[in-house]
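Step one of this worksheet: look at the structure below.
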Amino acid sequence: MSALVLSASAPRRLGALGTASLLLAPIALVNAIGFLWPVVNLLRMSFRESTATGALTDVFSLATWSATLQDSFTLDLIASSVGVSLFITLLTLLASYPIALYLHRSSGLWRTVLMVLVVAPLLTSAVVRTYGWIAILSDRGLVANALMALGMAEPPRLMFNLTGVIIGLTEILMPYMILALLSGFGRLDPRLEEAALTLGATPLKTFWRVVVPLTAPGMALGSLLCFVLAISSFVTPKLLGGGRVFLLATEIYDQAIVTLNWPLAAALSMIVLVVFGAALVLYSRALRHIA
Amino acid sequence: MIRAEPKEIQRMVQGHGFLSLRGLTRRYDHFTAVDDLNLDVARGELIAFLGPSGCGKTTSLRMIAGLVPSTSGHIVVDGKDLTGVPPYRRDMGLVFQSYALFPHMDILKNVAFGLDMRKVPKKVALERAREAIAMVRLSGREHHRPAQLSGGQQQRVALARALVVRPSILLLDEPLSNLDAQLRDEMRTEIRDIQKRLGITAIFVTHDQMEALTICDKVAVMNHGRLEQLGTPHEIYEHPRTAFVAGFVGRINRLAGRASGGIAQAAGITFSAPGFEGEVEVMVRPHRIGLQAGSAPADSSLHQLAGTVVRATFAGDILEYEVAAGGTVIKTEASTRGGEALLAPGTPVTLSWRPRDTFVYAAS
Amino acid sequence: MIRAEPKEIQRMVQGHGFLSLRGLTRRYDHFTAVDDLNLDVARGELIAFLGPSGCGKTTSLRMIAGLVPSTSGHIVVDGKDLTGVPPYRRDMGLVFQSYALFPHMDILKNVAFGLDMRKVPKKVALERAREAIAMVRLSGREHHRPAQLSGGQQQRVALARALVVRPSILLLDEPLSNLDAQLRDEMRTEIRDIQKRLGITAIFVTHDQMEALTICDKVAVMNHGRLEQLGTPHEIYEHPRTAFVAGFVGRINRLAGRASGGIAQAAGITFSAPGFEGEVEVMVRPHRIGLQAGSAPADSSLHQLAGTVVRATFAGDILEYEVAAGGTVIKTEASTRGGEALLAPGTPVTLSWRPRDTFVYAAS
Amino acid sequence: ETNLTVMAYSGLFQERYTKAVIEPFMKAHPDIKVTYFPLPSSAAMLGNLRAQKAAPQADVVIMDVSVSKAGTDEGLYTKIDETNAPNVKDLYPNARIPDVAGVAVTFDNLVLLYNTEIVKEAPKSWMEMAKAPFKGKVVIPGVPDIQGLSLLLILDKANGGTDYLKSVDKGIAAMTEIAPNVQTWDPKPEVYAPIVTGQAALGAGWNARAQVNSDLSGGKLKATIPQEGTVFQINTINLVANAPAAEAAKTFVNYALGREAQKSFTETMFYAPTNAKADISAAALERTAVSHLDKVMPVDWIALAKVRDAIGEQWRRRVLPASR
Amino acid sequence: MDERPVSPALKIAAGAMFVFLLAPLLVIVPISFSGDAYMAFPPESWSVKWYGAIFANPAMMNAFWVSFALAVVVTLVSLAVGLPAAYALVRLKLPGAEILSNLFSAPLLLPTIVLGLAILLVFAPLGLLGTFQGLVAAHLVVTLPYAVRVLSTALANLPLPVEEAASTLGAKPLTVFFRVTLPMMRSGLVSTAALCFLVSFDEVVLSLFMTGPRLSTLPVAMYHHVEQQADPMAASISVLLVVLTLVVVVVVDRTVGLTRTFVK
Ligand SMILES: Nc1ncnc2c1ncn2[C@@H]1O[C@H](COP(=O)(O)OP(=O)(O)OP(=O)(O)O)[C@@H](O)[C@H]1O
Ligand SMILES: Nc1ncnc2c1ncn2[C@@H]1O[C@H](COP(=O)(O)OP(=O)(O)OP(=O)(O)O)[C@@H](O)[C@H]1O
Ligand SMILES: [Mg+2]
Ligand SMILES: [Mg+2]
């Protein structure tokens, strides 16, 4: 309809398609140079061979791919990365929902300040944040001391293992989840909750039967985003995993930065892309189901 | 000696309606949205809340439903004070102006929701929901989503959803404001029938005078958060207690005048105005004014005024004239008979109306 | 021999109005929103487009303004075909239902915008904008933002903005639909005055019959994208060409009947129905039906029908009765005189109306 | 004025190397302005060089010998010898590595780190890390980091391993004893900070940085070479092929290998010198591996590179599970 | 809008989750006032010396200004490139708009480490490594998807009739865009700018690959610093950044109402 406003001006000279091409050219250029080309290049890289000493050669072969796909370690890696990421996504959702709902219901300067606090973790360096976690979670940390004060003889290990990674990732993904949830809370018309209340639904029932279904699209979006971010994060797993937690992204990091096996890093990256493709398909399925 | 039950005493003290509002007040910061509202509604009665935008109609309804706490005052239903009772225990049905249907449920689930909350067995609930849907003539649409229905249909679903739980009190907040004239007529009749049939006590909020007058047993006219007048439609229309009520309910001509010694002067005519002194407003409804071309024989039982036509408008059912007379412009209305010619602007005419159709108020 | 200018020939061929629509059609996928619309509007005339929701009123207006291209057909203004002319070269003013004021500009800038686009020098433009603002009685509000004005005031700004550029054609899309009854009355009169004074050709879209009848020179009644009837308000109301027009313009009673040999039977009465055969609909407007308690002397110049009151409603200016008669329910309306009592349901009454107030149509 | 870019380790190394070598060099060669491009690891440096192969930005690179070998194989370097750096003639024989374009510029060795507040006396054995009191108090940068790898090789030999190119089973077995006590295999930042702060008690790290951290922390951290011995870590200096400032680069390399620079850097950061003729103070030498050459076990890092993946595999399968 | 009081249960749940969310930060604040040479909690001594150290560290200050300039440029370019793209996608009703818009969002879905490596390989031969232009280009890859998304939403939410009104008043398409569309999108533009600025200013991973010897950004400098030195300066910088953001956002919110539109 509104195409008119613009296309009407240039019906003969360009046409709507021409105008669109002109407007889209810059972003297409950035996308091509900054995304498409690099990805294709990465795919190419995954077929290059490297020598035993780690030197990269100009020979192309399927060696990396066949080794990667036959290695049970890689398959475990994919399975555990997907599993851990799903679990973290769920935790993040549970932890973020009350905050998002509270933010949705607050207003004014208070809301502004809270919004900044929500994104504050993103502003702190990952290593610095890890120091925060050490003070809280380590064997001599605040939590352990509290548990011991409560009489627990040997508090559980809370960091430098999978538990630590899950705690740390959940926390750092919360800002993203909260923002996504908030964007989905638009459908949450307070009138609907009031309607449920006047129909005899208790606040808890209203929450389950009205609020939750209505915010489902926001939850789906946030979950997709968090899953993607979780499976591709490597800084936090490295810092809090104590070298014990292996995920696709940390492996990509090790191969790309430590071992310098770029073909393998590239192949693993391609696998991550495929997992994302699958997640996206599932997401749009879920969304269609919700809508 | 017969001892009155404590409950009865309470009822006697607190009011004689099934639903009683006692000094109901709501303040926002320093703005008073609803100001000391007192009202009694008998069981099975339908009261219309009528008033201009922002006068506090919605706020009153929301307080009654328990969605907004009152700043002070009490809501008493059947002798029980509802202060502190949450909305889901009030057994009221509220039909929102915006419908507020659950977008993620189909029509059947929407209507069955309230029964579900009351732990009615699923089968019975669906059965009764189907009946309610039939009652608002939407059978066959049970599995549509709200978004797939037209505004009028959604409106009816909202009504069915509120009615199916047989609430003791039904609150309707401008339930027809989004419909066109024809559908509005139909729905109005329908709501009235259902309410009568089920014997539900109801409050109907509207800012449309005609709607208020036709649907209810009594009209409560509100302005600036206060109750201006409570009465039957006839009382409100024929005996408006204030200038505001006279002007808001039905069309009206306003003539500025002065009163002294029980007599008011306006537009060159003398009106009886016992008890008024100083500036007054004299009001007459356009359709109570007779209009005659040329001059008319003097009739001391009528107020009469000579003037000239300024504008004549054919409005289908009625003819409207604007007549310059007595230094102002006076509107008149007459039913069309079909075939009559409009008087041209400039035609001299005589206006006449009965003293009993004249209202006098102190100027505000 | 005098040679006609090519332009004149064109005008003769294409129509005799200042604004002519020729076979104007708009399709969306397989849905036809506007279907072969033909219409001529004389210079300085105001035409009302009247029709139910979704009948294609807005779409027609948007095609005329150039905001939507037509699927086929032509819009001719003053002899020039506008096909392919973009909106900003059409010299039309469009008042949107939603006002569509520029939220980021104050009132003065809003109104001056069109002049600015026409490269009118800044000082002159502001001068004329101020005049236009004064014309819609908003002087003193020049530096308010739209959000700081009430609906009615915003409405007037939209009008001033469209009028200040002195467009040759003014298009108004339900400009009063968001206002309450009182403000609506006022604004209607105002628009009509300004349009007459400036001699602007105008189209006024509405779905309110009363509004359409009172404001315009001619009414175009639309239904399902087609023009049902074009005529003066009087023609439309008194001589509706189709059952749809009769039903849509003003309230009406519909009686189902059968016709044969120029005679129709409905509700037990015989009507003259020349040229009709088979199922017919007989229609009478409620306010043209006289109602008398008890029985009335037979009068062969009237249609008469005995019945009993089903419902009586006091609606302020009028009394409405629903009467069970001739196997159906017939509505009547009468002006209130004040003081009269309502007839109780069950009261036997006689209805009577003139044959000339009866419409007969083939049943659809 | 020529701009010369030296790519090397970030952090302490950067700080000390700039003071001890680069600043004096610039004073001696006012026409050359040196920019220090710090990167956290040799691999990161190689990554950069690879990416910039067509248009190199760096002229001189200091990196670990095994990574240097990969770079040599990829043709990233120009060979360094007496012709382009006369000071090469003064180097220890083991500073020249066959099939590597660069030459050794520093030697370092693995040391056992301990927090002096928790561990009062210098531990005698690497296996101290397996003892019960240190549960959750041991930090070791694990394989693929060469600190972990070095430790593995030392323990392999100490437990009777003969040829680490064929099998490191004995070393792996020893590591599985230590593993349950390990707090993290990926200490950040580096291995020294956790020990200084007492978050950990024992760890394995490089001597040079350990010495500096010991000084900085007022002795909270100390380093020792246990009875099982240690291995050398070799940093090579390399000339980037097609470097923008090739001539200045040669001048710099020659200076870096010279006596003066070698002495100065060893005395500020306790890397063992590669120039045999450098005249270093006894106090400084005492804190380098030079005074403990008997404890140094020879490792052929180039040959080892070929079996690194296999070792990593065993590490992952046997050592890590023991540490969960 | 929602006038019902927030229920206590929600307050408690939200409060608890807030504590979790901010837990590390709550520990970092005291660490940033440590007088020790190492990050440790609780610090053994207190001082503000690490705040002073930030300003005395030319590399850090330099990196800050680079980051700042970079974020400004990236934000401006994102708007300049994203706005026409959003307009084309939302308003021109292209046949493949959905697919295109997904393609333009795709870089967001790529792990930044993968993206960084991939971009590194492509940019190096172009001589873009270690240059400001290269950094801008790399950051654009991640900021543009955000920009297009937010701007598209803002555009789609604009009332069309207002633009149509302008055109019937004689305004040509470009005039409509600059005099009406753009000013009405103000809040969308502010949100986009804020988002792009934050994303660019905080970006580490891509920058790690892109920075060179003569050019470093603040996050990269911090990353390198903290990789090897555990002094509390990094904590001080983190705290300073949060406080700075808070102040800026509150000021902006007070003046143009940022967060109202930030997430809608
Ligand atoms: N949450 C609130 N905060 C402040 N003022 C409020 C609030 N809610 C309502 N008001 C004010 O209270 C007054 C009454 O509002 P209310 O919604 O009851 O009016 P209404 O009679 O229903 O009007 P309408 O016919 O427009 O719906 C209005 O002036 C409104 O601005
Ligand atoms: N862009 C579109 N795509 C498909 N159908 C459309 C489109 N715009 C309008 N229509 C359809 O065309 C018909 C006419 O629409 P139009 O807006 O002209 O109605 P209207 O007479 O103005 O109604 P209302 O009184 O409700 O404003 C409607 O049925 C509408 O659904
Ligand atoms: Mg209201
Ligand atoms: Mg319309």
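All of these numbers come straight from a predicted model, not from anything done at the bench. So you know, we letter chains A, B, ... as the sequences are listed, proteins then strands, and number each from 1. As a basis for the values below, the full set of heavy atoms in this structure was taken, side chains included, without hydrogen atoms, waters or symmetry mates.
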Qualifying salt bridge (Lys or Arg N to Asp or Glu O under 4.0 Å) pairs, either residue in residues 63-90 of chain E, two or more places apart:
none
Test side-chain hydrogen bond (donor to acceptor under 3.5 Å, both in side chains) applied to E/Ser78 - qualifying residues, sequence neighbours left out:
E/Thr143
For E/Ser238, the side-chain hydrogen bond (donor to acceptor under 3.5 Å, both in side chains) test, sequence neighbours excluded, returns none
Can you pull every donor-acceptor pair closer than 3.5 Å across chain E and chain C?
from, atom 1, to, atom 2, distance (Å)
E/Glu164, OE1, C/Arg62, NH1, 2.5
E/Glu164, OE2, C/Arg62, NH1, 3.3
E/Glu164, OE2, C/Arg62, NH2, 2.7
E/Ser167, O, C/Tyr88, N, 3.3
E/Leu169, O, C/Arg118, NH1, 2.8
E/Arg179, O, C/His104, NE2, 2.8
E/Arg179, NH1, C/Asp116, OD2, 3.2
E/Arg179, NH2, C/Asp116, OD2, 3.1

Of all the heavy-atom pairs spanning C/Ala100 and E/Ala165, show the shortest one and how long it is.
O-CB, 3.9 Å
Contacting region of C/Leu101 [heavy-atom separation from chain E under 4.5 Å]:
backbone
Chain E heavy atoms under 4.5 Å from C/Phe96: which part of the residue, side chain, backbone, both or neither?
side chain
If you count the non-hydrogen atoms of other residues, nucleotides and ligands that lie under 6.0 Å from CZ in E/Phe68, is the total more than 12?
no
